[in-house]
Engineer: 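Can you keep this structure in mind? I'll have questions shortly.
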Amino acid sequence: MLDIIKKIKDVLTNHFEGIQEKDILISSPPDVKMGDIAIPLFALSKKLNVPLQNLAERGIPLVKIEPYVDKVEKAGGYLNLFLNRSIVGGQIIQQVFSKGRLFGSSMSGKGKKALIEHTSINPNASPHVGRARNAMIGDSLSRLFRFEGYDTEVHYYVNDMGRQIGLLVLISDEIENLDFNGILQAYVHANQRAENDPEFAQKGYDLLAQMEQGNEEVRKKFFKVTDMCLKGQLGVLRRLGVDYDYFDRESSFIESEELNKVLDILKTKGALFVDEEQRLTVDLAPLGYTQEEGRYFVLRRANGSSMYGYRDLAYTIYKGHRGADEDIIVLGEDHKLYLQQISLILSSAGYTPPSPVFYSYILLKEGKMSTRQGNVVLLSDFLDSASALALERVQEQCKELSEEEQKLIAEQVAVSAIRFAVLRVTPTKNVIFDIESALSFEGDTGPYLQYSCARIKSILRKYGEKVPTNILTSFPIRQNEEWLLLRKISEFPLTILNSIEQHNPSIIAGFALDLAHIFTSFYHSCPVLQAENEEIRMARLQICLATLRTMQNALHLLGISVPERM
RNA sequence: GCGCCUGUAGCUCAGUUGGAUAGAGCACUUGCCUCCGGAGCAAGGGGCCGUGGGUUCAAAUCCCGCCGGGCGCGCCA
C-alpha cells in the first residue's frame with residue numbers, strides 16, 4: 001500500500017513541472033464504494049494553474065498504475081482509485097507473513113539509541129491508577145521505541161530523599177515493623193505532625209542534612225525505608241507488565257561536578273545568586289525567561305542541603321551523557337513549568353534538555369482522586385477485583401483448563417482492562433475513569449480485543465494444521481469485509497510511525513479497536529472453515545492469521561497479552 | 001490574576017494533521033446462538049463539533065475574543 005502511494009507521487013511529480021511530493025495529498029474516500037485511495041486536486045490545480053476538470057482528465061491515465069490500480073474515477077475535485085484487491089491483498093498478506101513479529105516496524109530507529117525515564121512515584125504509598133498512567137504511557141513508549149529498532153533503555157528515578165522522606169524516616173523509628181501496607185498512613189501522619197510541630201519538622205531537615213553529609217547510619221535508614229516501599233510499588237507495576245532497566249537513586253546526585261560547571265556558566269551570565277535568605281538561586285530572567293512567576297529557581301537551602309531541582313539537574317545531565325538520540329521523560333502536567341525551568345538552565349549551558357511527554361490527571365466520575373477523602377482507586381485493588389470478575393467468566397467458558405491456567409488468563413484480562421482504559425485516551429486529555437465500565441469488559445475495552453484474538457485462535461485450532469504461508473498469485477477476495485480487513489492491516493506501519501512521532505500510544509489503541517471491529521464484522525459475514533470452496537477457505541484462514549499477527553503486534557505495544565482462550 | 005492544556009451524541013472517547021454525508025463504545029429501541037466462541041453481530045433514534053468573529057475553493061481541525069473544566073505559579077518532590 002505504501003509503495004503504491006509512493007508510485008502515485010512519483011508519477012505525478014515526474015509528469016507535472018514544479019510540484020513536489022509534499023504537494024500531493026493522499027486520503028481515502030468516505031466509503032469503500034467510492035474507492036480505496038483519494039487524491040484531492042484542489043491545491044494542485046491552483047499551484048499548476050490548471051482548471052480542476054482539465055487536471056482530473058490528465059491525471060486519470062497517469063495514476064492508473066498497472067497492475068495495482070483497476071479503475072480511476074473523478075468525483076468532485078477528487079481522483080478516486082480502485083485497487084486490484086487480488087494483487088494488492090495478496091501482497092499485504094505476504095508482507096505480514098514475511099515480517100511476522102516485526103510486521104509494523106519500519107526499523108526507523110536502527111542504529112539509534114533511546115532513553116526513556118518514567119514512573120518515579122514517591123516512595124510513600126501503593127500506586128493508584130492515576131500514578132500508574134505515567135508507568136503505562138512510559139512502558140508503552142518504551143515498547144514502541146524497541147519495536148522500531150531503537151536500542152532502548154528504561155530508567156526509573158528513585159526518589160529516595162527529600163524533606164518528606166526525611167519525615168517518613170523519622171517516624172518509622174517510632175513504628176514497629178513498618179511495612180508497605182502501613183506506609184501511607186505513616187507518611188500522612190508524619191506530614192501532619194510536621195505542620196503542627198516545628199521541632200519535629202526541624203528534626204526532619206536535620207536528618208536530611210546528615211544524610212547529605214554522608215552519615216552512614218542515617219543513609220542506611222533512608223535506604224531501608226525507601227527500598228521497602230519501592231519493592232512494594234514495583235511488585236504492583238510488574239503485574240501490569242511494566243519493567244525497568246536502570247534504577248537511578250536521587251541520593252547519588254546531591255553533588256555533581258558537571259552541574260557545578262553549568263552553574264559557573266550561569267554565573268557569568270548573571271543568572272546565579274545567593275538570595276536574602278542565603279539560598280543558592282537561579283534567576284531565569286537573564287537566560288531569556290519572560291515571566292515573573294517561576295522566575296526564581298532555588299538550588300540549595302540556607303543550610304547547604306540540595307533541593308530537588310539541583311539533584312534533578314544533575315540527573316538530567318547524567319542521562320544526557322548516555323548518548324541517546326531520543327531522550328524522553330514522561331511527566332504529569334503539573335511538572336510543565338518545572339521542566340521549562342530546568343530545560344532553560346540546561347540549554348543556556350549548551351545541553352539538550354529531554355523531550356517531555358506530558359499527561360493529564362485521571363479523574364473519577366465523582367471528581368478528583370483524593371487520598372484524604374478516601375476516593376482513590378489503588379491499582380492493586382482494581383486488578384484484584386477485575387481479576388476476580390474475569391475468573392468467574394473464565395471458569396464458565398474454559399472448564400477444561402486447570403485452575404492455574406484459569407487464574408493466569410483472568411489476570412491477563414484484568415491487566416488489559418486497565419491498560420486499555422488508560423492508554424486509549426490521548427495523554428494531554430484527562431481520563432475520566434469509571435470503575436464500573438472498566439470492569440464490564442464490554443464494548444471498546446481491552447478484553448474485547450483479546451476476545452477477538454481468542455476467536456481467531458479458536459478457528460486456527462479447529463483447522464488443526466499449520467496454515468500455509470505461500471500466497472496464491474490471484475488471491476481470492478469476494479467480500480468487502482475481507483478487503484476492509486486487509487486494507488486496515490496495511491495501515492499498521494504508518495500508524496506506528498505516527499504514534500512514535502507524536503509520542504502517543506493512544507493512536508495504536510485506536511488502530512487495535514478498528515481492526516477488532518472490522519474483524520468481528522468479517523467473522524460474522526464470512527465463514528472460514530465452512531467457506532464455499534477450498535481456495536476461499538485457505539484465503540480466509542490466511543486473512544485470519546494475518547489479522548492475528550497484526551493484532552498481537554499492536555497489543556504487545558500496549559502491554560496487553562493475548563491468551564489462547566478466555 | 002498570569003501561563004500551559006482542554007471543550008465533539010445523555011455519558012466515555014476517536015476523528016488519517018485543512019478535505020467529500022463528523023465516527024465508535026456505554027445507555028435506550030429492535031432483530032440474531034441447530035451454523036468457526038453472544039466478552040459478539042446487524043439495524044434504529046440521538047450532533048448550531050462550548051460560543052462569537054476571522055483566514056479560503058474547503059474549518060471539529062488554523063488565528064483572535066469570550067465562557068466552562070484540568071494543571072501550575074513552594075526552604076515539596
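These numbers were taken from a predicted model, which means no experiment stands behind them. The sequence lines fix the lettering, A, B, ..., with proteins before strands; numbering per chain opens at 1. The analysis underlying the following values was restricted to heavy atoms, covering all of them including side chains, and did not include hydrogens, waters or symmetry mates.
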Engineer: Do any side-chain nitrogens or oxygens of Tyr205(A) fall under 4.0 Å of OP1 or OP2 in rC76(B)?
Structural biologist: yes
Engineer: Looking at every strand, decide which applies to Thr428(A) at a 4.0 Å heavy-atom threshold: base, sugar-phosphate, or nothing.
Structural biologist: sugar-phosphate
Engineer: If we call it a pair only when both distances are under 3.5 Å in a Watson-Crick or G-U wobble match, what pairs with rG1(B)?
Structural biologist: rC73(B)
Engineer: Would you say a side-chain N or O of Ser28(A) is under 4.0 Å from OP1 or OP2 of rU16(B)?
Structural biologist: no
Engineer: Identify whether any heavy atom of His335(A) sits under 4.0 Å from a base atom; if not, whether one sits that close to sugar-phosphate; answer base, sugar-phosphate or nothing.
Structural biologist: base
Engineer: Under 30°, 30 to 60°, or over 60°: which ring-plane class applies to Phe247(A) and Tyr156(A), parallel, tilted or perpendicular?
Structural biologist: tilted
Engineer: Going by purine N1 to pyrimidine N3 plus the second Watson-Crick contact, or the G-U wobble pair, all under 3.5 Å, which nucleotide sits opposite rG46(B)?
Structural biologist: none
Engineer: Any strand counts, and the cut-off is 3.5 Å on both contacts for Watson-Crick or G-U wobble. Which nucleotide pairs with rG52(B)?
Structural biologist: rC64(B)
Engineer: Considering Watson-Crick and G-U wobble pairs with both distances under 3.5 Å, what does rA59(B) pair with?
Structural biologist: none
Engineer: Name the closest nucleotide to the Leu25(A) side chain, picking from rC73(B), rC76(B), rG19(B).
Structural biologist: rG19(B)
Engineer: Mind checking if Tyr338(A) touches a base, just sugar-phosphate, or nothing, with heavy atoms under 4.0 Å?
Structural biologist: base
Engineer: How is Thr426(A) classified with respect to the nucleic acid when contacts are heavy atoms under 4.0 Å: base, sugar-phosphate, or nothing?
Structural biologist: sugar-phosphate
Engineer: Scan Arg279(A) against the nucleic acid and name what it touches under 4.0 Å (heavy atoms): base, sugar-phosphate only, or nothing.
Structural biologist: base
Engineer: Across the strands shown, which category fits Tyr448(A) at heavy-atom distances under 4.0 angstrom: base, sugar-phosphate, nothing?
Structural biologist: sugar-phosphate
Engineer: Spell out, as yes or no, whether a donor-acceptor pair under 3.5 Å connects the side chain of Thr226(A) to the backbone of Phe222(A).
Structural biologist: yes
Engineer: Within a strict 4.5 Å, meaning less than it, do heavy atoms of the Pro427(A) and Asn504(A) side chains meet?
Structural biologist: yes
Engineer: Nearest to the side chain of Met307(A), heavy atoms from C-beta on, is which of rA20(B), rC75(B), rG19(B)?
Structural biologist: rC75(B)
Engineer: Under 4.0 Å, heavy atoms only, any strand: does Leu337(A) hit a base, just the sugar-phosphate, or nothing?
Structural biologist: sugar-phosphate
Engineer: Would you please confirm or rule out a distance under 4.0 Å between OP1 or OP2 of rC36(B) and any side-chain N or O of Arg461(A)?
Structural biologist: no
Engineer: Count the heavy atoms belonging to other residues, nucleotides or ligands that lie under 6.0 Å from CG of Asn49(A), then report whether that count exceeds 12.
Structural biologist: no
Engineer: Base, sugar-phosphate, or nothing for Arg300(A), non-hydrogen atoms under 4.0 angstrom?
Structural biologist: nothing
Engineer: Tell me whether Phe42(A) and rG19(B) count as stacked here, given that the ring centres must be under 5.5 Å apart and the planes must differ by less than 30 degrees.
Structural biologist: yes
Engineer: What is the pairing partner of rA24(B), taking Watson-Crick or G-U wobble pairs with both distances under 3.5 Å in any strand?
Structural biologist: rU12(B)
Engineer: Given rG70(B), rG40(B), rA24(B), identify the nucleotide with an atom nearest to the side chain of His517(A).
Structural biologist: rA24(B)
Engineer: From the options rG70(B), rA20(B), rC41(B), select the nucleotide whose nearest atom is closest to the side chain of Ala38(A).
Structural biologist: rA20(B)
Engineer: Considering only side-chain heavy atoms of Tyr361(A), which listed nucleotide, rC71(B), rG3(B), rA39(B), is closest?
Structural biologist: rC71(B)
Engineer: What distance, rounded to whole Å, do you find between the two P atoms, one in rC63(B) and one in rU56(B)?
Structural biologist: 16 Å
Engineer: Which is true for Arg393(A) with a 4.0 Å heavy-atom rule: it touches a base, it touches only sugar-phosphate, or it touches nothing?
Structural biologist: base
Engineer: If I compare all heavy atoms of Pro354(A) with all of Leu339(A), which pair ends up nearest, and what's the gap?
Structural biologist: O-CD2, 4.5 Å
Engineer: Assess the side chains of Ser305(A) and Glu212(A): does a donor N or O sit below 3.5 Å from an acceptor N or O?
Structural biologist: no
Engineer: Which value, in whole Å, describes the distance between the P atoms of nucleotides rG50(B) and rU16(B)?
Structural biologist: 15 Å
Engineer: Which is true for Ser521(A) with a 4.0 Å heavy-atom rule: it touches a base, it touches only sugar-phosphate, or it touches nothing?
Structural biologist: sugar-phosphate
Engineer: Categorize Tyr463(A) for me: base, sugar-phosphate, or nothing, with a 4.0 angstrom heavy-atom threshold over every strand shown.
Structural biologist: nothing
Engineer: Taking the C1' atom of each, how far is rG10(B) from rG47(B), in whole Å?
Structural biologist: 12 Å
Engineer: Describe the nucleic acid contact of Cys526(A) in one word from base, sugar-phosphate, nothing, applying a heavy-atom distance below 4.0 Å.
Structural biologist: base
Engineer: Nearest to the side chain of Pro29(A) - rA77(B), rA20(B), rA39(B)?
Structural biologist: rA20(B)
Engineer: I need the minimum non-hydrogen distance between Ile459(A) and Cys544(A), along with the two atoms involved.
Structural biologist: CD1-SG, 4.3 Å
Engineer: Please determine, by modelled atom types, if Tyr315(A) and Asp248(A) share a side-chain donor-acceptor pair under 3.5 angstrom.
Structural biologist: yes
Engineer: Consider the side chain of Lys368(A), meaning its heavy atoms from C-beta on, and name the nucleotide among rA77(B), rG70(B), rC36(B) that approaches it most closely.
Structural biologist: rG70(B)
Engineer: Using the side-chain heavy atoms of Val425(A), tell me which of these nucleotides is nearest: rC36(B), rC75(B), rA14(B).
Structural biologist: rA14(B)
Engineer: Does rC35(B) pair with anything, Watson-Crick or G-U wobble, both distances under 3.5 Å, and if so, with which nucleotide?
Structural biologist: none
Engineer: Looking at every strand, decide which applies to Asn80(A) at a 4.0 Å heavy-atom threshold: base, sugar-phosphate, or nothing.
Structural biologist: base
Engineer: Base, sugar-phosphate or nothing for Gly162(A)? Non-hydrogen atoms, less than 4.0 Å.
Structural biologist: sugar-phosphate
Engineer: Any strand is fair game: report the nucleotide pairing with rG18(B) by Watson-Crick or G-U wobble, both distances under 3.5 Å, or none.
Structural biologist: none
